[in-house]
Amino acid sequence: MNYEILNTIKSPQDVKKLSNSQITVLCEEIRDCIINTVSQNGGHLAANLGSVELTVAVHRAFDSPQDAIIFDVGHQCYTHKLLTGRFEDFKNLRKEDGLSGFMKPKESEHDPIITGHSSNSISAAYGIYRAKKLKGEEGSAVAIIGDGALTGGMAYEALNHAGDHKGNFIVILNDNEMSISQNVGGMSKSLTKMRNKTRYHRFKFAFGRFLNHIPLVGHALYKFFYRLKEIFKSIVYKNNIFSAFGFNYLGPVDGHNVKDMESLFKIAKCYQRPTVIHVVTTKGKGYSFAEQSPNSYHGVSPFDATIGVLPSNKITFSDIAGRTLCEMAENDDKICAVTAAMESGTGLSDFAAKYPDRFFDVGIAEQHAVTFTAGLAKGGMKPYFAVYSSFLQRAYDQIIHDCAIGNVPLTLLVDRAGIVGEDGETHQGLFDVSFLTSIPNITVYSPTYYDELVYAINLTALQGGVNAIRYPRGCEVPSNTFKIDFKGDYTVLNGNGDRVVITYGKLFSEALKAKEADESITLIKLNKIFPISDALVLGLKNCKKIDFYEESVKSGGIGEHLSALLLENGFKGEFIIHAVNNEFVPMAKTDAALKKLGLDYESMLRS
């Protein structure tokens, strides 16, 4: 498609110059561009298709970068990238050295912060807004948050703080799934229509100024009429959570009508109090497959845009974890599964359907999820919390305080552990080993194979205590050469040389290739990666050379733990840790990232 208008957009200022008819065409071109690019590169589709008109209206009403615009979670920012000078680079979305799938300040001055995780937009935007006021700078800050991200507790902490300040701070709620404010009846609809008109707000501001200028009694009259209006509004609109936090509430407004949204956004800029604008959108708008099944088109791999995403017949670690919990739950009515808005992503859809009373989706609230899981365990259940590695980071305090100190019997199913590919720095699962092994009373497993994952999940139901089972994104790489025993703490494949290679998890598949190419290597696979077995330490004490490989940050990793134990026991040989050297790993295909980090089998052979 020849993008006649989109091709001319070099900055948000160009969007402001377009006529209404040109805006309609622009939105069509943006939608087509997003579908074509994501179908080739993969990415987040439904959320971005639903926020096209919303983003166009934002850039017509506000002045980026003077007005800081922050998209939460960030996977609704593709249109924002296209309108801020990145159209030519958009074809490289989510490719190595290309455009990030999320907001990224290194890419553009129009991206104030990195947004890859949820519920941080209001906090960051409010901080930027207050900094502007302290420095006497022009401009405001706008947080655009979805109703899904609004299930995260951090968003409410920010609302509570920001609502206490009188100033022009703006939150736009992109509501594409649930109703936040239930307006009832004909009077409510009429008032909503009236309140969304510019002339109503002009009259209200003028009337307020008139009352305040009446000598002696003016200010008292203004306060009286204001309270009367608020009482009447609360009766008609029921109660509104945003009003309770101190925010002015505007909307709801059609999230696919640019003219109406632009008008309402400009009205919000006139207020000298924090304002929430409720925008209602359709997830997947303009692409029938995504509209009919928005969850299936949330994050997608490359696909044929003409026929849509075809169901995958590949079995993943997530599928195995969910299937195993279902089998256990059939025979044990104490088995429970918990997720933080990732039912499908963590393989729990079947469990949710078969055992709805024992399935708990707590929303994007990992902190609550961990403590809730601990509560289930204290109540006598056997709970498993399935969560992506990068999202578990947010619950570090709860793991310590609510789980480990009391040695509460529960299991963390840590999905997407290790390199995850094109989602980049914010989603790499490289920190769970370091932060989990810094906490007493935690046992950590890292399966390489499906059978090993099944064994670990069943084992943790019996042994008690706080357990974590970390496993990679995608599928296993089965061994056709060696029979691997994974029921002990570790497995040894002996060689006839002086070199010992130790690893765990997905990297063991790479190490096996190296072992096949060089049979002199003694290869050790860690099954239970922490605490480290005393027998392993004693067995390694007299080795001449040990290479330890792990798909984790080096600092605090298993390699550092093992090297310290060996030194304490008189080890005199050479010990080299090959890991992520305490850096954030940018987006790239997983194989390419491992090669660049020196964690692939060819690198193992060269060491």
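Numbers for residues simply follow the sequence, beginning at 1. Just so you know, these numbers use all the heavy atoms, side chains as well, and skip hydrogens, waters and symmetry mates.
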Salt bridge or not between [X] and [Y]? Use side-chain N to carboxylate O under 4.0 Å.
{"X": "K106", "Y": "E425", "result": "no"}
{"X": "K81", "Y": "D89", "result": "no"}
{"X": "R470", "Y": "D432", "result": "yes"}
{"X": "E551", "Y": "K506", "result": "yes"}
{"X": "E510", "Y": "K513", "result": "yes"}
{"X": "E107", "Y": "R86", "result": "yes"}

Checklist entry - More than 12 foreign heavy atoms under 6.0 Å from CD of E137: is that the case here? => result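 Yes - once you tally the heavy atoms of other residues, nucleotides and ligands closer than 6.0 Å, there are more than 12.
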Next on the checklist: Are there over 12 heavy-atom neighbours, none belonging to K16, within less than 6.0 Å of that residue's NZ?
Outcome noted: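 Count over threshold, so yes.
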Taking the side chain as every heavy atom from C-beta outward, state whether [X] and [Y] have any pair of such atoms under 4.5 Å apart.
{"X": "F359", "Y": "V338", "result": "no"}
{"X": "E29", "Y": "E4", "result": "yes"}
{"X": "P302", "Y": "N41", "result": "no"}
{"X": "T37", "Y": "Y78", "result": "no"}

Ring-plane angle category for [X] and [Y], please: parallel below 30°, perpendicular beyond 60°, tilted otherwise.
{"X": "Y297", "Y": "F289", "value": "parallel"}
{"X": "Y3", "Y": "F87", "value": "perpendicular"}
{"X": "Y471", "Y": "F317", "value": "parallel"}
{"X": "H298", "Y": "H75", "value": "perpendicular"}

Distance flag, aromatic centroids of [Y] and [X], threshold under 6.0 Å:
{"X": "H161", "Y": "Y126", "answer": "yes"}
{"X": "H427", "Y": "F391", "answer": "yes"}
{"X": "F242", "Y": "H278", "answer": "no"}
{"X": "F71", "Y": "H80", "answer": "yes"}

Item to check | Steps toward side chain to side chain contact (heavy atoms under 4.5 Å, CB included) verdict (D423, R473) | outcome: CA-CA 12 Å; D423 282 336; R473 182 180 191 176; 4.1 Å; yes
Hey, is the main chain of [Y] close enough, under 3.5 Å, to the side chain of [X] for a donor-acceptor pair?
{"X": "E452", "Y": "T448", "answer": "yes"}
{"X": "S39", "Y": "N36", "answer": "yes"}
{"X": "Y450", "Y": "E476", "answer": "yes"}

Item to check | Check: S603/D600 side-chain N/O donor and acceptor closer than 3.5 Å | outcome: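 On atom types as modelled, these side chains qualify, holding a pair under 3.5 Å.
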